[in-house]
Structures are given as structure tokens and as C-alpha cells.
Amino acid sequence: MKKRYVLEKYKFTITLIFVTSCLALFMAGCGQKQDMYSVDKKTQFVETQFDSNEQKTNLLAKYVEHFEKNQAGDFDKTGQPAGWWDESNDGKNNAEIEVTGTGAAYITKVSEETWGKVLSDQLIVDLNATNTMRVVINKIDKNTGFKIMVQQPDQAEIQISETGDGAGVHVYNLAEKTGWSGVTTFAIILIVEAEINGVGTLVDEIWITEAINNEAYFCDFHNKAGKPGGWWDASDDKNNNATIKSNGKGSAEVVKAGADVWGKVLSDRLTMDLDIYGTLSVVVNRVAEETGFKLMIQEAGTAEAMTLSENGSGAGVYQYDIRKKTGWSGEKTFTITLVVEATQNKTGTLIDLVRIDEVGF
């Protein structure tokens with residue numbers, strides 16, 4: 001995109017944050033599981049799930065306290081969110097941004113061109129301390145694309161997103177993408193690309209935070225196509241087997257392949273201190289029609305896995321407090337189990353990311 005955008009002077013400055021602590025593996029072999037699962041008929045739906053609204057409120061409050069700044073990236077209220085504005089004076093390249101009331105914002109193209117934009121207020125960020133932008137995209141309408149760009153005052157915009165980025169969680173290193181460093185003033189530009197108006201992108205959260213932590217667990221399946229490292233099927237269990245395969249685009253397909261109505265794949269064993277690293281996050285891009293999934297966790301040396309996900313979980317971004325769900329604390333050795341539920345084989349779930357972060361994030 002060649003056009004430059006001139007940003008107006010804003011009334012206040014905000015810092016958007018999303019704490020990401022993604023991670024290198026603590027892994028060491030797996031054991032066969034003897035777990036039982038109930039199956040209900042499922043239909044596909046989209047949901048961003050927390051245990052309660054109070055949990056989400058507390059989570060966001062921790063982000064704000066940590067960075068000593070307010071933020072406008074969780075889109076709490078109905079209407080145009082604070083800290084964001086459309087370009088209603090630019091009929092050719094305008095878009096609208098409106099909060100859904102459920103913590104996300106819908107950006108809709110309303111321009112004469114094939115793209116439209118909305119912009120954040122100017123941000124003042126020390127990129128030497130907080131240089132990671134994390135964006136959660138819940139949905140992109142059919143035949144629609146999006147771009148994320150940043151721009152210093154009176155300078156050319158710089159594209160941060162990759163071509164073809166879709167729904168899911170996207171992490172961008174601002175310093176590497178822009179060449180900027182130190183205390184920097186800039187705005188974020190969200191662009192919707194489409195041939196027709198009235199379509200757009202549903203953005204759930206935008207945060208700018210400190211660099212990635214390398215001390216816990218992170219799997220985004222960005223290896224080549226094939227079974228992803230650190231995960232294995234239950235091929236010796238013909239009744240309850242499933243297969244897992246990376247698609248080469250950062251996601252992994254988990255497909256039921258056993259005789260029973262559910263099948264499972266398992267992570268390697270992880271050993272970690274849950275008092276430090278206790279938040280499990282999972283991004284589910286797609287659940288096939290009439291198919292369900294469960295996320296479970298099993299301590300080494302025990303016979304039963306414990307369910308973390310809720311009944312009826314579909315595509316969405318999920319976070320679970322491991323200690324609250326299991327009653328565990330301190331150092332534990334465990335395996336993560338992904339279960340596909342379906343009445344027929346060759347159906348499954350597309351998983352984008354699994355990670356364990358610091359407690360409270």
C-alpha cells in the first residue's frame with residue numbers, strides 16, 4: 001500500500017498491552033493413558049472463554065497494573081472504542097470500528113476502494129522494554145483480508161503483519177519489524193481488505209508487552225508438515241486413537257482415527273512449577289461439524305486425566321488456570337491431552353497454538 005496516512009494530534013496517549021510469555025519446552029517422554037470420556041452431540045460455534053467475567057476483569061487489571069498505563073485493546077463497551085477512530089473524512093479508504101459488547105471489536109470496510117482503515121491514538125512506548133505486539137483475531141469474513149501497520153507522526157506506515165495472516169493469535173516483534181528502538185511515538189493502523197463493503201474483521205485484543213519469556217512451554221506448530229515435535233498419537237490404542245499433523249502454516253489438525261467415538265493425541269511430559277507457570281492457553285481455529293473437542297491434563301503416574309475445557313467448546317481463544325482446575329500446586333509432571341469427539345472418522349479440530357504462561361496471564 002503506497003498511500004501515507006497523516007495522523008492528527010490526539011487528546012491522550014494509551015499503551016496497549018498483551019502479556020505473552022511464550023516458551024521453550026520442558027519435555028521428557030510420554031506414557032500411555034487409561035482415560036474415559038463422555039460424548040455429546042456437538043455443533044460448531046465461536047466463543048472466547050474465561051471461567052467468569054470476574055476472572056477476565058482481574059486478568060486485565062493485572063495487565064494495567066503491570067505496565068502502569070490504561071489500554072484500549074480489550075474493547076469492553078458497545079460503540080466506538082476509546083482510543084480508536086475511523087477516517088470518516090476519507091471516503092475512499094474509510095472503515096468503521098464498533099465494539100460488540102463481548103470484548104471484541106468489529107472493523108468493517110465502508111470505503112470506495114478495496115480497503116479501509118481505522119487508527120489508534122498515538123502511543124508512547126519504550127521498545128527496549130516492551131517491543132512485542134500481540135493481536136488476537138477471532139474472525140475474518142469470507143473473501144476478506146486484514147493488515148496491521150504502524151506509523152510514526154508524518155512518516156510512512158510500516159506493515160507489521162504477514163501476508164495471509166488469518167484468525168488466531170499473532171505475535172510481532174516491533175523492533176525487528178520497524179528498526180525502531182527506545183522511546184517511540186506511533187499509532188497502530190488496522191486495515192480491512194475486501195471487494196465489497198459491510199464485511200470485516202473481528203479483533204479481540206491488542207497488546208504491546210515485554211519480550212517473550214523462554215522458561216515455560218510453547219507450541220505453535222510452525223514446523224514443516226507432518227507430526228509436530230513434542231506431540232504423539234495413540235497408535236497402539238486402536239479404539240481411541242487420533243492423528244495429529246501440522247499443516248505447514250502454523251496450525252495442527254487433530255483427526256479421530258479409532259473405532260470409538262473419541263480419539264486422543266498427547267503432548268510430551270512437561271515438568272514445571274505451577275506456582276510460577278500456571279496459565280494454559282489454547283487457540284482453536286476450527287471444529288468440524290458434528291465434532292467436539294476436549295482439553296485434558298494428566299499427572300504422571302495417575303490413571304485418570306482431568307478435563308480443563310467446558311462442554312460444547314468450539315472454535316475460539318481459551319485460557320485455563322491449571323491450579324484452579326486441578327487443585328495442583330508447586331512442581332508437577334503432566335501431559336496435555338487433546339480429545340476429538342465424533343461419530344465418524346476423518347473429522348477433527350484445527351489447533352493453532354498451545355502454551356503455558358506465567359500465573360495470572
Side-chain angles (χ1 to χ4, degrees), residues 30 32-49 136-140 142 164-169 217-268 280-298 305-320 335-356:
C30 280
Q32 185 177 352
K33 309 303 171 203
Q34 303 293 330
D35 18 28
M36 300 296 292
Y37 311 97
S38 61
V39 178
D40 300 317
K41 190 174 182 180
K42 305 287 192 305
T43 56
Q44 186 176 6
F45 71 102
V46 175
E47 177 183 342
T48 300
Q49 180 167 326
V136 180
I137 305 292
N138 272 5
K139 176 187 173 185
I140 298 178
K142 187 177 181 181
D165 277 354
V169 178
Y217 174 84
F218 177 59
C219 190
D220 66 349
F221 309 110
H222 263 299
N223 55 319
K224 61 184 180 181
K227 186 163 72 173
W231 289 86
W232 59 285
D233 58 27
S235 55
D236 57 342
D237 184 350
K238 301 303 180 184
N239 286 330
N240 301 117
N241 192 29
T243 61
I244 182 169
K245 183 178 181 181
S246 297
N247 63 4
K249 300 177 181 178
S251 301
E253 186 88 25
V254 182
V255 177
K256 190 179 85 71
D260 211 330
V261 291
W262 58 269
K264 65 180 182 237
V265 296
L266 304 98
S267 75
D268 283 339
L280 175 61
S281 300
V282 178
V283 177
V284 181
N285 274 2
R286 186 184 73 245
V287 179
E289 291 291 339
E290 304 300 328
T291 301
F293 87 95
K294 283 185 178 178
L295 180 71
M296 310 189 80
I297 191 168
Q298 184 168 8
M306 304 174 72
T307 300
L308 298 177
S309 57
E310 305 298 328
N311 289 335
S313 295
V317 181
Y318 298 88
Q319 284 192 306
Y320 306 100
T335 297
I336 300 169
T337 304
L338 297 174
V339 177
V340 176
E341 304 168 317
T343 55
Q344 59 181 348
N345 287 338
K346 298 184 179 179
T347 60
T349 299
L350 189 66
I351 304 292
D352 189 71
L353 173 127
V354 178
R355 75 179 192 272
I356 298 176

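Computation of the quantities below employed the complete heavy-atom set of this structure, encompassing side-chain atoms and omitting hydrogens, waters and symmetry-equivalent molecules.
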Practice problem: From the options Leu295, Ile356, Ile297, select the one residue that forms a side-chain contact (heavy atoms from CB on, under 4.5 Å) with Tyr320. | Solution: Leu295
Quiz item: Do Phe293 and Val284 pass the side chain to side chain contact (heavy atoms under 4.5 Å, CB included) test, and can you show the C-alpha distance, the side-chain angles, and the key distance before you say yes or no?
Solution: CA-CA 10 Å; Phe293 87 95; Val284 181; 3.6 Å; yes
Quiz item: How long is the span from the CG atom in Leu353 to the CG atom in Asn285, to the nearest 0.5 Å?
Solution: 9.5 Å
Quiz prompt | Evaluation steps, side chain to side chain contact (heavy atoms under 4.5 Å, CB included), between Ile244 and Ile351 | solution = CA-CA 10 Å; Ile244 182 169; Ile351 304 292; over 6 Å; no
Quiz item: Which heavy atom in Thr291 sits nearest to a heavy atom in Ala342, and how many Å separate them?
Solution: OG1-CB, 4.0 Å
Exercise. Could you check if a side-chain atom of Leu308 sits within less than 4.5 angstrom of a side-chain atom of Val282, using non-hydrogen atoms only?
Key: no
Exercise. Could you give me the CA-CA distance, side-chain angles and deciding distance for Val339 and Met296, then say whether side chain to side chain contact (heavy atoms under 4.5 Å, CB included) is met?
Key: CA-CA 8 Å; Val339 177; Met296 310 189 80; 3.9 Å; yes
Practice problem: Indicate the atoms forming the closest heavy-atom contact of Ser251 with Asp352, along with that distance. | Solution: OG-OD1, 3.0 Å
Quiz prompt | Asp233 side, atom CG; Leu338 side, atom CG - distance, nearest 0.5 Å | solution = 12.5 Å
Exercise. Examine distances only and state if a side-chain atom of Ser267 and a backbone atom of Ile336 form a donor-acceptor pair shorter than 3.5 Å.
Key: yes
Quiz item: Roughly how far apart are Thr337 OG1 and Leu266 CG, rounded to 0.5 Å?
Solution: 4.0 Å
Exercise. Report the C-alpha separation of Val340 and Val255 in whole Å, then their side-chain angles, then the decisive distance to 0.1 Å, and conclude whether the side chain to side chain contact (heavy atoms under 4.5 Å, CB included) test is met.
Key: CA-CA 7 Å; Val340 176; Val255 177; over 6 Å; no
Quiz item: To the nearest 0.5 Å, what is the distance between NZ (Lys256) and NZ (Lys264)?
Solution: 13.0 Å
Quiz item: Is Trp232 close to Asp268 at the side-chain level, that is, under 4.5 Å between some pair of heavy atoms?
Solution: yes
Quiz item: Is there a donor-acceptor pair closer than 3.5 Å between any side-chain N or O of Asn345 and the backbone N or O of Gly258?
Solution: yes
Exercise. Working to the nearest 0.5 Å, report the span between CD of Glu341 and CG of Asp260.
Key: 10.5 Å
Exercise. Search all heavy atoms of Ala242 against all heavy atoms of Gly263 and return the closest pair with its distance.
Key: CB-C, 3.6 Å
Quiz item: Cut-off 3.5 Å, side chains only: do Asn241 and Ser235 have a donor facing an acceptor?
Solution: no
Self-check item: OG1-NZ distance between Thr243 and Lys346, expressed to the nearest 0.5 angstrom
Solution: 10.5 Å
